[in-house]
Amino acid sequence: MNSRFCDGLGALTLGISALLGCSDRDIDPSQTETDALQPVEPTELLSYSCRQDETKESTPPGSAAKLPKTLRETNRLLGVAVNAAGLEDPAYAKTVAEQYSQLTPENEMKWDAIEPEPGVFDFTRADTIVAFAQANGMKVRGHTLVWHSQLPAWMEALTGTDAVRAAMTQHIQTVVSHFRDNFPGVVVAYDVVNEAVNIAQGAMPGASVYRDSVFSRELGEGFIAEAFQIAHDTDPDALLFYNDFGIEGMNGGKSTGAFNIVSGLVAAGVPIDGVGFQMHTGPTDQGPGAADFRANIQRYADLGLQVEITEMDVSLCSIGANVLGLELQRYRYNRIVSACFDSPACRSVSVWGLTDPNSWLNSNGCMQGMIVLDTQPAPLVFNETFGRKPAWWGIYDGLMGCSYQ
Ligand code: G3I
């Protein structure tokens with residue numbers, strides 16, 4: 001365990017510090033936990049900082065920190081999922097524009113939003129986000145073209161191979177050509193297929209590797225290759241990704257299933273550019289551990305693919321948004337973001353929401369089995385007043401090449 005991190009744990013509890021591999025001499029039991037859901041500078045919160053002189057120079061007191069130089073120089077992107085309504089709030093819009101270089105529409109490009117009725121397309125809310133990105137010199141990840149969820153009822157109910165193929169083809173062609181023609185060079189990547197691997201894969205004997213959906217039912221497993229080919233034919237410049245959760249580590253049936261599908265696509269010459277790891281995770285070094293994640297990135301890089309973290313959040317349900325939780329959250333963001341950006345294959349890292357109150361996790365609350373916990377997920381890197389949480393500095397340090405390990 002890095003002594004710098006152990007020093008930082010001076011504010012934390014003995015048990016957790018020991019669990020993380022720090023020795024007793026690292027602990028200062030005189031320090032107690034305080035509520036830290038405020039825009040707290042990490043140097044005020046804890047005694048250590050990875051931040052380098054260069055970073056401090058670009059972060060004058062009282063002003064928002066800017067994207068690190070390394071990010072700008074290497075053309076790597078730091079992204080955030082946004083919603084069109086949020087951008088109407090000046091504080092929300094300002095924070096997005098200042099802190100990030102790539103946007104993902106959280107819901108506005110999904111099938112139910114864009115094509116609510118057969119052949120009837122509504123780009124209003126998606127265009128709001130893409131136009132915002134364009135006006136602020138940002139890129140957009142198109143999320144998502146083919147997904148079993150958030151389909152309109154008519155599409156869910158569609159039967160027959162020809163009808164489903166025609167609907168999927170028209171949907172992909174219409175969406176991709178819309179952004180290609182109306183916002184040239186802005187929507188640079190698409191999650192072409194999202195979450196197609198069966199979550200029971202590996203856990204239930206005989207379970208299909210493919211999740212049941214209108215696409216897999218009617219088109220068979222070839223629907224993935226078909227979708228990528230249609231997207232590529234429509235916009236050959238767009239980067240095309242397979243995106244999923246629970247495939248971030250090397251092990252597990254779902255991860256193996258995804259790797260087998262993707263490597264099969266590559267071997268067959270399907271135009272796939274990369275894999276998106278959603279990374280909805282918690283504050284401990286598991287699910288995946290950082291070393292496991294690094295190994296998994298490498299096996300996709302060895303296929304010649306790019307990788308991205310597409311939807312990162314770090315739920316504090318299990319521990320609470322206290323000093324300990326916030327510090328573990330910073331550590332977790334740093335190690336995972338570092339793992340990605342340490343690889344030349346990593347194109348971007350995106351978080352799934354701007355501020356803690358914006359997170360999709362709030363709709364589920366914090367549960368342990370049937371018990372409602374007295375904690376909040378607080379999974380993102382800005383708090384409710386757009387203050388930078390310690391987690392923000394975890395990402396920042398990771399982008400600056402400072403990894404807490
Ligand atoms: O649009 C309706 C609105 O008309 C209605 O009044 C309101 C009432 O509840 O619901 C609105 O729809 C909600 C939608 O978000 C927009 O707010 C849906 O109920 C709700 O289920 C939906 O949740 C989204 C979820 O995907 C759906 O699966 C979350 O915001 C979104 O963050 C989440 O994102 C997914 C990624 O796309 C894929 N990976 C997992 C990730 C988290 O689940």
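Atoms within a ligand are numbered from 1 in the order they appear, just like the ligands themselves.
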Task: Test item: Ile336 and Met279 side chains (from C-beta on) under 4.5 Å apart, heavy atoms - done: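 Yes; the side chains approach each other to less than 4.5 Å.
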
Task: Asn198 and Val209, any side-chain heavy atoms less than 4.5 Å apart - done: no

Open item on the list: Below the 3.5 angstrom mark, is there an N/O of Trp360, backbone or side chain, next to an N/O of ligand 1?
Closed with: no

Task: Polar atom proximity, Glu106 to ligand 1 (N or O, under 3.5 Å) - done: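 Among all N and O atoms of Glu106, at least one is under 3.5 Å from an N or O of ligand 1.
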
Is the closest protein non-hydrogen atom to [atom] under 4.0 Å?
{"atom": "atom 5 (C) of ligand 1", "value": "no"}
{"atom": "atom 34 (O) of ligand 1", "value": "yes"}
{"atom": "atom 28 (O) of ligand 1", "value": "yes"}
{"atom": "atom 12 (O) of ligand 1", "value": "no"}
{"atom": "atom 39 (N) of ligand 1", "value": "yes"}
{"atom": "atom 19 (O) of ligand 1", "value": "no"}
{"atom": "atom 31 (C) of ligand 1", "value": "yes"}
{"atom": "atom 42 (C) of ligand 1", "value": "yes"}

Open item on the list: Tell me whether the count of non-hydrogen atoms from other residues, nucleotides or ligands lying under 6.0 Å of CD in Gln376 goes above 12.
Closed with: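 Counting neighbours around CD of Gln376, 12 or fewer heavy atoms of other residues, nucleotides or ligands fall under 6.0 Å, so no.
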
- [ ] Answer yes or no: does atom CG of Asp374 have more than 12 heavy-atom neighbours from other residues, nucleotides or ligands under 6.0 Å?
- [x]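 Counting neighbours around CG of Asp374, 12 or fewer heavy atoms of other residues, nucleotides or ligands fall under 6.0 Å, so no.
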
Task: Test ring-ring contact (aromatic ring centres under 6.0 Å, His included) applied to His280 and Phe245, step by step - done: CA-CA 7 Å; His280 298 289; Phe245 65 90; 7.6 Å; no

Looking at [X], which atoms of ligand 1 are within less than 4.0 Å of one of its heavy atoms?
{"X": "Glu195", "answer": "38 (C), 39 (N), 40 (C)"}
{"X": "His280", "answer": "40 (C), 41 (C)"}
{"X": "Asn194", "answer": "38 (C)"}

Identify the closest protein heavy atom to [atom]: which residue and atom is it, and at what distance?
{"atom": "atom 22 (C) of ligand 1", "answer": "Gln150 NE2, 4.0 Å"}
{"atom": "atom 36 (C) of ligand 1", "answer": "His143 NE2, 3.4 Å"}
{"atom": "atom 26 (O) of ligand 1", "answer": "Lys110 NZ, 3.1 Å"}

- [ ] Would you kindly say whether Glu308 and Ser348 are connected by a side-chain donor-acceptor distance under 3.5 Å?
- [x]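 Side chains of Glu308 and Ser348: pair found under 3.5 Å.
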
Open item on the list: Please tell me whether Arg141 and Ser350 have a donor and an acceptor in their side chains that are separated by less than 3.5 angstrom.
Closed with: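 Arg141 vs Ser350: no donor-acceptor pair found between side chains.
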
Task: Minimum non-hydrogen distance to atom 15 (O) of ligand 1, winning option of Asp244, Asn107, Asp313, Leu361 - done: Asn107

TODO: Test Val193 against every option in Phe241, Tyr242, Trp147 by the side-chain contact (heavy atoms from CB on, under 4.5 Å) rule and name the one that passes.
DONE: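 Single pass found, and it is Tyr242.
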
Open item on the list: Does only the side chain of Phe245 get under 4.0 Å from ligand 1, or the backbone, or both, or neither? Count heavy atoms.
Closed with: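 The answer is neither; Phe245 stays 4.0 Å or more away.
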
- [ ] Would you mind checking if Lys389 and Asp356 are paired as a salt bridge, meaning a charged N to carboxylate O distance below 4.0 Å?
- [x]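 A salt bridge links Asp356 with Lys389.
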
Task: Ion pair check, Asp244 and Lys254, cut-off under 4.0 Å - done: yes

Open item on the list: For the aromatic rings, using the six-membered ring if either is Trp, is the centroid distance between Phe277 and Phe293 under 6.0 Å?
Closed with: yes

